[in-house]
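Here is how names work: the chains are called A, B, and so on, in the same order as the sequence lines, proteins then strands, and each is numbered from 1.
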2 protein chains.
Amino acid sequence: MTPVSGDPITEERRLPDAAVGRLPVYLRALTALQASGTETVSSDQLADLAGVNAAKVRKDLSHLGSYGTRGVGYAVEQLQFQIARALGLSGDLPVAIVGLGNLGRALAGYRGFAPRGFRVVALFDNDPTLVGEQVGDLLVRHAGDLEQVCADEKVAIGVVTVPVAAAQQATDRLVVAGVRSILNFAGTVVSVPESVSMRQVDLASELQILSYHQQRIATTG
Amino acid sequence: MTPVSGDPITEERRLPDAAVGRLPVYLRALTALQASGTETVSSDQLADLAGVNAAKVRKDLSHLGSYGTRGVGYAVEQLQFQIARALGLSGDLPVAIVGLGNLGRALAGYRGFAPRGFRVVALFDNDPTLVGEQVGDLLVRHAGDLEQVCADEKVAIGVVTVPVAAAQQATDRLVVAGVRSILNFAGTVVSVPESVSMRQVDLASELQILSYHQQRIATTG
DNA sequence: GCATGTGAATAGATTCACAGCG
DNA sequence: CGCTGTGAATCTATTCACATGC
């Protein structure tokens with residue numbers, strides 16, 4: 001059911017989750033291609049750069065619309081633009097980091113966010129001895145100010161890097177502050193309302209998954 | 001009860017990838033249950049704790065063998081043991097971190113690895129001004145010593161936290177050193193031989209995926 | 001009775017293979 | 001001719017629903 005064939009740019013399809021997960025990888029590759037002055041790219045080349053196969057690239061991109069040229073490939077800049085649009089990457093999205101331990105500090109200083117569309121605009125911690133400290137070019141704010149600051153700064157995404165025991169509370173505060181996207185590094189399950197999306201990155205789990213594969217090879221030849 | 005055919009403990013099934021990805025979550029939940037003195041757990045309870053549904057828990061666990069009791073549930077300690085075994089978590093697996101920027105340092109000091117079966121045993125960097133520096137209770141070694149040190153320390157897993165431009169080289173060095181499992185934080189595709197497993201964690205990609213969902217909700221009600 | 005374990009049903013993702021078009 | 005875009009086929013994962021057995 002197309003919502004009326006009106007404004008073609010508003011045509012919103014629903015992308016398969018698996019495809020959404022790969023779009024950032026394609027986008028990275030396209031940015032590198034653009035930097036090197038390449039104007040067009042085939043699904044084969046892009047597949048190589050992204051570490052997947054060509055059929056997958058074509059299927060994934062076909063969900064965005066028909067932006068390739070048969071016999072030629074995809075125009076790098078156009079595709080870049082379309083993927084960025086599909087991902088909602090309009091300008092800099094404001095990010096807040098909650099929890100300024102080792103990991104929070106590392107992320108606060110991470111140079112890789114800006115070129116990919118994000119800007120860290122606020123840092124929070126519970127610990128009064130950290131509040132007021134300067135980290136990069138931001139001051140650490142008290143978690144109590146979270147609601148106010150997130151509203152002022154129009155924070156779109158919250159990154160939770162607090163210890164396990166504080167993760168649910170930190171998340172709840174972000175939700176109350178109206179933040180609808182949360183990236184959680186705490187190794188624990190956190191619940192959020194339906195209306196909020198959350199992704200979890202658990203470093204120890206990643207290592208355990210690797211451990212499985214290693215052991216598997218070791219015991220089965 | 002007892003698996004009949006052949007050595008019971010060597011009975012190796014192949015677990016579906018999706019199940020492998022969830023075992024660490026179950027294991028975390030079981031550890032918490034054990035700490036609180038709980039002796040048995042039903043698939044329903046475990047599902048709650050893991051943030052998935054009960055059918056999935058039962059199907060996943062059934063791949064390990066039949067360790068539940070009908071009408072009762074699973075014995076927490078036994079299940080913990082079986083999952084740890086399936087994941088190959090025997091004692092402490094030695095981990096090396098390559099790249100001591102912000103993120104590498106954060107991981108070097110991360111307290112969450114030890115309780116989940118890993119021990120950071122070596123730190124490497126290319127930068128001579130960092131070599132010899134003490135980080136936590138380890139000294140930073142030069143990347144040139146990687147092969148020697150990884151062999152001495154029997155490193156099982158390498159964590160790559162170098163800048164994008166150095167990621168392939170750092171990975172190659174680990175591979176040459178015989179490390180067969182690699183966790184890569186650099187936002188770039190890295191190739192490894194068939195025999196090596198690699199997992200990639202790209203923080204900016206995670207944020208971009210969140211951005212997609214947020215924008216989707218915003219534009220479609 | 002109650003919760004596991006599992007076949008069967010469904011949904012989703014990947015791959016194939018080729019028609020269609022520049 | 002070469003490469004995209006896509007139906008069809010395959011493979012994988014999830015969910016259902018219930019027989020099974022403590």
Side-chain angles (χ1 to χ4, degrees), chain A residues 2 8 11 13-26 29-30 33 38-76 78-80 82-83 86 209 212-213 216, chain B residues 1-4 11 13-26 29-30 33 38-80 82-83 86 209 212-213:
Chain A
T2 336
E11 178 158 350
R13 297 147 177 285
R14 185 209 198 90
L15 308 183
D17 280 354
V20 173
R22 286 184 294 263
L23 291 182
V25 183
Y26 303 147
L30 289 166
L33 285 169
T38 310
E39 309 230 315
T40 66
V41 64
S42 70
S43 60
D44 253 312
Q45 297 171 280
L46 191 50
D48 260 13
L49 294 168
V52 301
N53 70 44
K56 209 181 273 180
V57 169
R58 292 201 299 279
K59 182 75 91 180
D60 286 346
L61 297 182
S62 77
H63 291 115
L64 305 181
S66 240
Y67 297 114
T69 308
R70 286 159 202 253
V72 178
Y74 302 88
V76 170
Q78 186 192 17
L79 192 53
Q80 224 182 336
Q82 291 300 339
I83 293 178
I209 294 166
Y212 169 80
H213 291 291
R216 199 161 194 286
Chain B
M1 283 275 216
T2 346
V4 193
E11 178 159 346
R13 297 147 178 284
R14 187 212 198 89
L15 308 184
D17 281 353
V20 172
R22 286 184 294 262
L23 290 182
V25 182
Y26 302 147
L30 289 166
L33 285 169
T38 310
E39 309 230 316
T40 66
V41 64
S42 70
S43 61
D44 253 310
Q45 298 171 278
L46 191 50
D48 259 13
L49 294 169
V52 301
N53 70 44
K56 208 180 273 178
V57 169
R58 291 202 300 279
K59 182 74 93 180
D60 287 345
L61 296 183
S62 76
H63 292 114
L64 304 181
S66 241
Y67 297 114
T69 308
R70 287 160 201 253
V72 179
Y74 302 88
V76 169
E77 288 204 11
Q78 187 192 18
L79 191 54
Q80 224 183 336
Q82 291 300 339
I83 293 178
I209 294 166
Y212 168 79
H213 291 289

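The shortest non-hydrogen separation linking B/V20 to B/P24 is O-CD, 3.0 Å. The shortest non-hydrogen separation linking A/L30 to A/I83 is CD1-CD1, 3.7 Å. Residues A/K59 and A/S62 share a closest heavy-atom pair of O-OG, 2.7 Å. Closest of all the heavy-atom pairs between B/A47 and B/N53 is CB-C, 3.6 Å.
As judged by a 4.0 angstrom heavy-atom cut-off over every strand, A/D44 is placed among residues making no nucleic acid contact.
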- Item | Derivation and outcome, side-chain contact (heavy atoms from CB on, under 4.5 Å), residues B/L23 and B/L15 | CA-CA 10 Å; B/L23 290 182; B/L15 308 184; 3.7 Å; yes
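Rounded to an integer number of Å, the gap from NE2 of B/H63 to P of D/dT12 is 12 Å. Remark: C1' of D/dA13 and CG of B/L15 are 14 Å apart, rounded to the nearest angstrom. In this entry the distance linking CD of A/Q45 with C1' of D/dT4 reads 14 Å, nearest Å.
Contacts between residues 51-62 of chain A and DNA chain D, defined by a heavy-atom separation under 4.0 Å, are made by A/R58, A/K59, A/S62.
Contact annotation: A/Y67 side-chain N/O to D/dC3 OP1/OP2 distance is not under 4.0 Å. In terms of phosphate contacts, A/S43 brings no side-chain nitrogen or oxygen within less than 4.0 Å of OP1 or OP2 of D/dC3. Within the structure, a side-chain polar atom (N or O) of A/S66 is placed less than 4.0 Å from OP1 or OP2 of D/dG5. For B/R22, a side-chain nitrogen or oxygen approaches OP1 or OP2 of D/dT14 to under 4.0 Å.
For the pair A/Y74/A/R58, a side-chain contact is recorded, criterion being any heavy-atom separation below 4.5 Å from C-beta on.
Here CD of A/Q82 is found 16.0 Å from OH of A/Y26. Values are rounded to the nearest 0.5 Å.
Counting 5' to 3', DNA chain C first comes under 4.0 angstrom of a heavy atom of chain B and last does so at the ends given by C/dC2 to C/dA8.
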